[in-house]
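These notes are about the structure you will find just below.
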Amino acid sequence: MELKKLSKDFYQQKCLTVARGLIGKILVRIKSNKIYSGIIVETEAYLGEKDPAAHSFIGKTKRNEVMFGEGGFSYVYFTYGNHYCFNVVTEKSGTAHAVLVRAVEPLLGIEEMKKNRGTDYIYNLTNGPGKLAQAFEINKVLNGADLNGREIFIVENERKDYKISKSKRIGISKNTEKLYRFYAKDNIFVSKYFIKKLAA
DNA sequence: TTGCGGATGGACT
DNA sequence: GTCCATCCGCAAC
């Protein structure tokens with residue numbers, strides 16, 4: 001596997017471009033002697049002050065201040081009392097745009113992920129933002145981390161033939177009509193996959 | 001298939 | 001002090 005980290009230029013593109021572009025890339029998390037990695041198969045874009053669903057819509061607070069920095073950093077927030085979610089800050093400083101990484105297809109560290117998640121079922125390790133964070137040991141320590149650093153980063157994938165679909169975002173109550181969610185078509189590691197299958 | 005509890009922190013009154 | 005948040009798991013229906 002080629003370990004070429006995505007450049008700052010990549011992250012500072014338009015938020016929707018980054019959200020789409022991240023599909024198929026590989027998220028890597030290094031924690032002491034452990035390494036976790038997975039192919040990003042689902043993302044959502046949050047467009048700052050133009051987007052009532054974005055955390056940054058209300059303006060800068062201590063919680064969301066990382067979003068207001070420049071693209072290429074990690075924004076990790078805690079929600080519902082027990083879940084962390086991992087976002088990638090995009091665009092230029094002050095725009096407060098970010099991409100939520102919602103699901104990955106596990107590659108390395110799968111045994112460790114099973115321990116972290118308390119399940120042996122591989123399709124239930126990383127198919128949701130809270131689950132992914134738990135599996136990858138992502139927590140608020142990584143809020144503000146440089147994605148060009150050592151602890152968490154995203155690398156190129158030699159395979160690039162992913163078909164990308166768009167849809168409405170999940171788990172929000174405002175600005176729900178926008179098609180800001182991107183996912184790898186027919187990929188079984190996407191969140192809500194089985195629920196959709198059951199409903200179909 | 002629905003609905004709610006978990007358990008924390010920030011915004012706002 | 002109150003409200004509710006980019007969610008998840010599981011009990012009960």
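Residue numbering restarts at 1 for every chain, and letters A, B, ... go by the order of the sequence lines.
- As judged by a 4.0 angstrom heavy-atom cut-off over every strand, A:Asn64 is placed among residues making no nucleic acid contact.
- Nucleic acid contact class of A:Lys174 (heavy atoms, under 4.0 Å, all strands): none.
- In this structure, CG of A:Asn143 is placed 13 Å from C1' of B:dG10, rounded to the nearest angstrom.
- Contact of A:His83 with C:dG9 (side chain to base): no donor-acceptor pair of N or O atoms is detected under 3.5 Å.
- Atom pair A:Ile58:CD1 and C:dA5:P shows a separation of 12 Å (rounding to whole Å applied).
- At a threshold of 4.0 Å, the pair A:Lys5-A:Asp146 does not count as salt-bridged, since none of the basic side-chain nitrogens sits closer than that to a carboxylate oxygen.
- Spacing between atom NZ of A:Lys60 and atom C1' of B:dG10 amounts to 16 Å, rounded to whole angstrom units.
- With rounding to whole Å, A:Asn124 atom CG is found 16 Å from C:dC7 atom P.
- Across all strands, A:Gly130 comes closer than 4.0 Å only to sugar-phosphate atoms, never to a base (heavy-atom distances).
- Just one of A:Glu137, A:Glu111, A:Glu151 meets the salt bridge (Lys or Arg N to Asp or Glu O under 4.0 Å) condition when paired with A:Lys34; it is A:Glu137.
- Within 4.0 Å (heavy atoms only), A:Leu100 reaches at least one base atom of the nucleic acid.
- Straight-line distance from the CG atom of A:Asn139 to the P atom of B:dT8: 15 Å, rounded to whole Å.
- In the hydrophobic cluster analysis, where Ile, Leu, Val, Met, Phe, Trp and Tyr join through side-chain heavy atoms closer than 4.5 angstrom, A:Ile138 is grouped together with A:Val99.
- Atom P of nucleotide C:dC7 and atom CG of A:Leu132 are separated by 13 Å, given to the nearest angstrom.
- Taking every heavy atom of residues 71-80 of chain A and every atom of DNA chain C, pairs under 4.0 Å involve A:Tyr77, A:Thr79, A:Tyr80, by number.
- Under the 4.5 Å side-chain contact rule for hydrophobic residues, A:Met67 and A:Phe57 do not share a cluster.
- Under the 6.0 Å cut-off for aromatic ring centres, A:Phe86 and A:Tyr84 do not qualify, their centroids lying 6.0 Å or more apart.
- Of the two residues near DNA chain B, A:Asn82 and A:Lys62, the one whose nearest nucleotide lies more 5' is A:Asn82.
- Taking the ring centre of A:Phe153 as origin, the terminal cationic atom of A:Arg150 falls outside the region bounded by 6.0 Å and 45° from the ring axis.
- Following rounding to the nearest Å, A:Asn116 (CG) and C:dG9 (P) show an atom-to-atom distance of 13 Å.
- Residues A:Tyr46 and A:Tyr180 keep their aromatic ring centres 6.0 Å or farther apart.
- Projected onto DNA chain C by closest heavy-atom contact, A:Ala98 and A:Arg117 fall at different nucleotides, the more 5' of which corresponds to A:Ala98.
- Between the side chains of A:Asn148 and A:Lys8, no donor-acceptor pair of N or O atoms lies under 3.5 Å.
- In this structure, the CZ atom of A:Phe57 is 14 Å from the P atom of C:dA5, given to the nearest Å.
- Contact between the side-chain N/O atoms of A:Arg63 and the OP1/OP2 oxygens of C:dA5 is not found at any separation under 4.0 Å.
- Taking 4.0 angstrom as the limit, A:Lys131 places a side-chain polar atom (N or O) nearer than this to OP1 or OP2 of C:dG9.
- Of all nucleotides present, only B:dC4 satisfies the Watson-Crick or G-U wobble test against C:dG9, with each distance under 3.5 Å.
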